[in-house]
S.K.: 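Here it is, the structure, as structure tokens.
Each chain gets a letter, A, B and so on, in the order its sequence line appears, and its residues count up from 1.
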2 protein chains.
Amino acid sequence: MRTDDAAASPSAGRTPRTDALRNRQLLLTVAARAFAEQGTGVSTAEIAQRAGIAKGTVFRHFPTKEDLIAAIMGEIIDDLVAAASRLSQAADPAAAVLEFMTYGIERLASNRGLCEVVGRPSLQQASVRAGIEHLCEVVEALADRARLQGAVREDITGVDIVLLLAGVHQTAAPVAQARPELWRRYLALVFDGIRARDALPLPCPLERLDFTGAGQVSTGGNDPH
Amino acid sequence: MRTDDAAASPSAGRTPRTDALRNRQLLLTVAARAFAEQGTGVSTAEIAQRAGIAKGTVFRHFPTKEDLIAAIMGEIIDDLVAAASRLSQAADPAAAVLEFMTYGIERLASNRGLCEVVGRPSLQQASVRAGIEHLCEVVEALADRARLQGAVREDITGVDIVLLLAGVHQTAAPVAQARPELWRRYLALVFDGIRARDALPLPCPLERLDFTGAGQVSTGGNDPH
DNA sequence: CACAAACATGACCAAGCAGTCATTTTCAGC
DNA sequence: GCTGAAAATGACTGCTTGGTCATGTTTGTG
């Protein structure tokens with residue numbers, strides 16, 4: 001699903017050298033681990049050190065730190081897309097929705113950097129936003145099937161499911177240290193709300209929306225990092 | 001509720017000078033606005049400039065930036081405590097719970113810095129954590145009354161309500177720019193889940209827990225701002 | 001082996017940050 | 001108005017960061 005996975009320079013005709021390829025792969029692996037453990041705040045210097053390469057090499061493969069982050073987060077989002085795609089053909093759509101949400105929350109819970117990126121659209125690269133929108137589309141198919149079978153409310157959309165997935169994780173995050181499994185409690189509660197059939201329609205109906213723009217109410221300009 | 005609100009030095013016997021008091025008040029007002037608009041990442045230099053005072057003056061009133069943040073967030077949390085306290089005597093406990101959650105979400109939605117602080121316990125000062133724990137206790141009274149009247153599930157606690165409040169806000173936050181009122185949708189959904197009477201008991205029962213520790217799964221050391 | 005292009009290196013740079021401190025200004029009591 | 005203490009000032013420090021670049025090294029090819 002990712003577009004240019006091998007070449008650093010934009011569509012250079014050449015095939016890259018093998019040592020460059022090896023370093024790139026090493027860098028991606030190490031950086032993914034670093035971002036997961038410490039968040040996107042880890043310095044490029046530390047990533048380079050952990051990978052055993054020089055800092056300049058990092059910037060040779062990814063012109064900015066943001067590009068590196070986007071590449072890694074893009075892969076994770078693609079993985080979520082694949083999971084949703086597979087589950088959208090499952091026999092029991094309601095169970096499939098629950099399983100998708102569970103899977104997504106587990107990914108978030110074990111990846112601090114992913115949380116930061118999905119939670120703050122203002123620091124998302126365009127490619128990441130596109131990936132999330134794509135994810136929403138695929139999850140929409142999941143939601144469609146569940147809706148047809150009457151397994152979820154009539155007005156639940158794919159975007160709802162994606163937002164609630166992240167929301168459930170963040171609900172339990174403040175006490176994740178003390179209670180690492182607490183998200184299951186809120187997932188059960190929210191899933192109950194998703195299913196509820198005799199309830200009134202939800203306010204603020206949700207058809208189309210774009211993820212463009214900052215996640216916070218007012219943006220004064222500079223974004224601390 | 002706040003303890004030492006007037007004196008900068010710890011329990012100095014003297015009454016501070018009037019210009020110092022005025023500057024302190026000005027600083028608090030301006031900093032509160034800056035944190036709300038731009039998050040806790042605003043530099044002390046910018047806060048000082050916006051207040052029309054020198055940077056050194058900021059550090060005279062608050063020895064570290066963290067102290068300034070804690071003072072401001074403490075006030076907001078105290079305000080939430082007051083709201084919960086008032087509502088815990090309302091006639092309709094279920095409506096009171098909903099009103100408290102609505103009020104809290106509105107505060108979060110209009111204060112970027114508050115979101116950052118409540119969402120990341122690792123960068124909370126002890127006083128702020130104490131304030132949040134106190135808030136949970138007061139909300140517990142709200143929950144108790146609602147439970148007694150059968151207005152909410154048997155197993156819903158005050159901590160649940162506080163966590164869900166923040167969680168609902170963060171659920172809608174990624175698209176807050178495009179849909180500023182979307183949180184009402186998820187609040188309705190979650191409140192439905194809170195009320196549901198015929199549902200199975202929630203997993204991961206929640207009696208006591210402490211907020212100590214980081215909100216993320218693993219902490220590698222440095223915390224990006 | 002030779003050689004040019006691709007790649008790696010790490011010292012270096014500018015910018016931004018929280019926090020300090022010698023100096024100057026302002027306040028309050030006399 | 002005088003005076004000493006409290007408060008304000010802003011240049012300065014030390015540190016970290018993302019990103020650059022001249023220099024040196026590796027790789028594949030003819």
Side-chain angles (χ1 to χ4, degrees), chain A residues 6-28 30-31 34-35 38-71 113 123 125 220-225, chain B residues 6-28 30-31 34-35 38-71 113 123 125 220-225:
Chain A
S9 34
S11 70
R14 291 301 175 80
T15 147
R17 251 163 57 174
T18 61
D19 59 338
L21 240 59
R22 196 189 53 226
N23 271 344
R24 185 193 175 86
Q25 190 52 48
L26 183 65
L27 171 58
L28 279 171
V30 168
F35 288 147
Q38 300 175 242
T40 55
V42 251
S43 66
T44 50
E46 181 172 342
I47 291 173
Q49 195 194 5
R50 283 173 66 162
I53 61 181
K55 209 172 66 161
T57 308
V58 175
F59 288 98
R60 160 165 278 269
H61 287 283
F62 299 92
T64 72
K65 188 185 177 188
E66 266 209 328
D67 290 319
L68 175 58
I69 295 172
L123 50 80
Q125 202 112 337
N222 74 333
D223 225 325
H225 215 286
Chain B
S9 33
S11 70
R14 290 300 176 79
T15 148
R17 255 162 55 173
T18 60
D19 58 338
L21 240 61
R22 194 190 53 229
N23 271 344
R24 186 193 174 86
Q25 190 53 49
L26 183 64
L27 171 58
L28 280 170
V30 168
F35 289 145
Q38 298 175 243
T40 56
V42 251
S43 65
T44 49
E46 181 172 342
I47 291 172
Q49 195 194 5
R50 282 172 69 163
I53 63 181
K55 209 172 63 160
T57 308
V58 176
F59 288 98
R60 160 164 277 269
H61 288 282
F62 299 92
T64 71
K65 189 186 176 186
E66 266 208 330
D67 290 319
L68 175 58
I69 294 173
L123 52 78
Q125 203 111 339
N222 74 332
D223 224 327
H225 241 253

S.K.: Using a cut-off of strictly less than 4.0 Å, decide whether B:Ser43 has a side-chain nitrogen or oxygen near OP1 or OP2 of C:dG16.
M.R.: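 So the side chain of B:Ser43 is outside the cut-off, no N or O lying under 4.0 Å from OP1 or OP2 of C:dG16.
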S.K.: How would you list, by chain and number, every residue that makes a side-chain contact (heavy atoms from CB on, under 4.5 Å) with A:Glu66, sequence neighbours excluded?
M.R.: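 Counting only residues at least two positions away or on another chain, A:Glu66 forms a side-chain contact (heavy atoms from CB on, under 4.5 Å) with A:Thr64, A:Gln125.
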S.K.: Specify the closest pair of heavy atoms between A:Leu26 and A:Ala51, including all atoms of both residues, with the distance to one decimal.
M.R.: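 Between these two residues, the closest heavy atoms are CD2-O, 3.2 Å.
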S.K.: Starting at atom CZ of B:Phe59, determine the distance to atom P of D:dC12, rounded to an integer number of angstrom.
M.R.: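 The answer, rounded to whole Å, is 18 Å.
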S.K.: I want to check one thing: is the phosphate of D:dA8, taken as OP1 and OP2, less than 4.0 Å away from some side-chain N or O of B:His61?
M.R.: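 Result: yes.
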S.K.: Figure out the CZ/P separation between B:Arg60 and C:dT20, and round it to whole Å.
M.R.: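 Atom CZ in B:Arg60 sits about 13 Å away from atom P in C:dT20.
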S.K.: Taking atom CG of B:Asp19 and atom CG of B:Asn23, what is their separation to the nearest 0.5 Å?
M.R.: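 If we round to the nearest 0.5 Å, B:Asp19:CG and B:Asn23:CG are 6.5 Å apart.
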S.K.: Rounded to the nearest Å, what distance is computed from the CD1 atom of residue B:Ile53 to the P atom of nucleotide C:dT24?
M.R.: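 The distance from CD1 of B:Ile53 to P of C:dT24 comes to 21 Å, rounded to the nearest Å.
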S.K.: Which value, rounded to the nearest 0.5 Å, describes the distance between A:Arg22 atom CZ and A:Arg17 atom CZ?
M.R.: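 A:Arg22 CZ to A:Arg17 CZ: 10.0 Å, rounded to 0.5 Å.
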S.K.: Applying salt bridge (charged side-chain N to carboxylate O under 4.0 Å, His left out), can you list everything that pairs with B:Asp67, at least two apart in sequence or on another chain?
M.R.: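 In terms of salt bridge (charged side-chain N to carboxylate O under 4.0 Å, His left out), with neighbours along the sequence ignored, B:Asp67 is linked to no residue.
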S.K.: Provide, to the nearest angstrom, the distance between the CD1 atom belonging to A:Ile69 and the C1' atom belonging to D:dG19.
M.R.: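 Nearest whole value for this atom pair: 14 Å.
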S.K.: Could you work out how much the helix from C:dC1-D:dG30 to C:dC30-D:dG1 bends, comparing the axis of its first five pairs with that of its last five, to 10°?
M.R.: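 Answer rounded to 10°: the end axes differ by 10°.
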S.K.: What's touching nucleotides 28-30 of chain D from the protein side, N or O pairs under 3.5 Å?
M.R.:
residue, atom, partner, partner atom, Å
D:dG28, OP1, A:Thr18, OG1, 2.8

S.K.: Given D:dA8, C:dA18, C:dC7, which nucleotide is nearest the side-chain atoms of B:Ala20?
M.R.: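 Looking only at heavy atoms from C-beta outward on B:Ala20, the closest nucleotide is D:dA8.
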S.K.: Between atom CZ in A:Arg24 and atom C1' in C:dC7, what is the gap in whole Å?
M.R.: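 After rounding, the gap between these two atoms is 14 Å.
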S.K.: Taking only N/O atoms, report every protein-nucleotides 12-14 of chain C pair under 3.5 Å with atom names and distance.
M.R.:
none

S.K.: Between CD of A:Gln25 and NE2 of A:His61, what distance do you get to the nearest 0.5 Å?
M.R.: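 Answer rounded to 0.5 Å: 10.5 Å.
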S.K.: In whole angstroms, how far is the P atom of C:dG19 from the CG atom of B:Leu68?
M.R.: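 Rounded to whole Å, this separation is 10 Å.
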S.K.: Would you please name every residue forming a side chain to side chain donor-acceptor pair (under 3.5 Å) with A:Arg50, sequence neighbours left out?
M.R.: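 A:Arg50 satisfies side chain to side chain donor-acceptor pair (under 3.5 Å) with A:Glu37, A:Gln38 only.
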S.K.: Once side-chain contact (heavy atoms from CB on, under 4.5 Å) is applied, do any residues pair with B:Ala54, and if so which ones, sequence neighbours excluded?
M.R.: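 Result, side-chain contact (heavy atoms from CB on, under 4.5 Å) vs B:Ala54: B:Thr57.
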S.K.: In whole angstroms, how far is the P atom of D:dG18 from the NZ atom of A:Lys65?
M.R.: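 Those two atoms, NZ and P, are 4 Å apart.
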S.K.: Give a yes or no answer on whether the side chain of A:Lys65 reaches the backbone of A:Thr40 with a donor-acceptor pair at less than 3.5 Å.
M.R.: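 It does hold such a pair.
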S.K.: Taking the side chain of B:Ala54 as its heavy atoms from C-beta onward, which of D:dG18, C:dG10, D:dT9 lies nearest to it?
M.R.: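 It is D:dT9.
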S.K.: Round to a whole Å and report the spacing from CD of B:Gln49 to C1' of D:dT9.
M.R.: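 Taking atom C1' of D:dT9 as the reference, CD of B:Gln49 is at 15 Å.
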S.K.: Does the side chain of A:Ile69 reach to within under 4.5 Å of the side chain of A:Phe62, using non-hydrogen atoms?
M.R.: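 Of all side-chain heavy-atom pairs linking A:Phe62 with A:Ile69, none is under 4.5 Å.
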S.K.: So does A:Asn23 get a side-chain nitrogen or oxygen closer than 4.0 Å to the phosphate oxygens (OP1/OP2) of C:dC7?
M.R.: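 For A:Asn23, the contact criterion (side-chain N or O under 4.0 Å from OP1 or OP2 of C:dC7) is not met.
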S.K.: When you match A:Gly56 and B:Val58 each to their closest nucleotide on DNA chain D, which lands nearer the 5' end?
M.R.: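 The residue whose closest nucleotide sits nearer the 5' end is B:Val58.
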S.K.: Is the shortest heavy-atom distance from the side chain of A:Thr44 to the side chain of A:Leu68 under 4.5 Å?
M.R.: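 They are not in side-chain contact.
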S.K.: For B:Thr64 and B:Arg22, find the nucleotide of DNA chain C closest to each by heavy atoms; which residue's nucleotide sits nearer the 5' end?
M.R.: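 Of the two residues, B:Thr64 wins.
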S.K.: State, to 0.1 Å, how close B:Val30 and B:Ile47 come at their nearest heavy-atom pair, and which atoms those are.
M.R.: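 Here B:Val30 and B:Ile47 meet closest at CG1-O, 3.8 Å.
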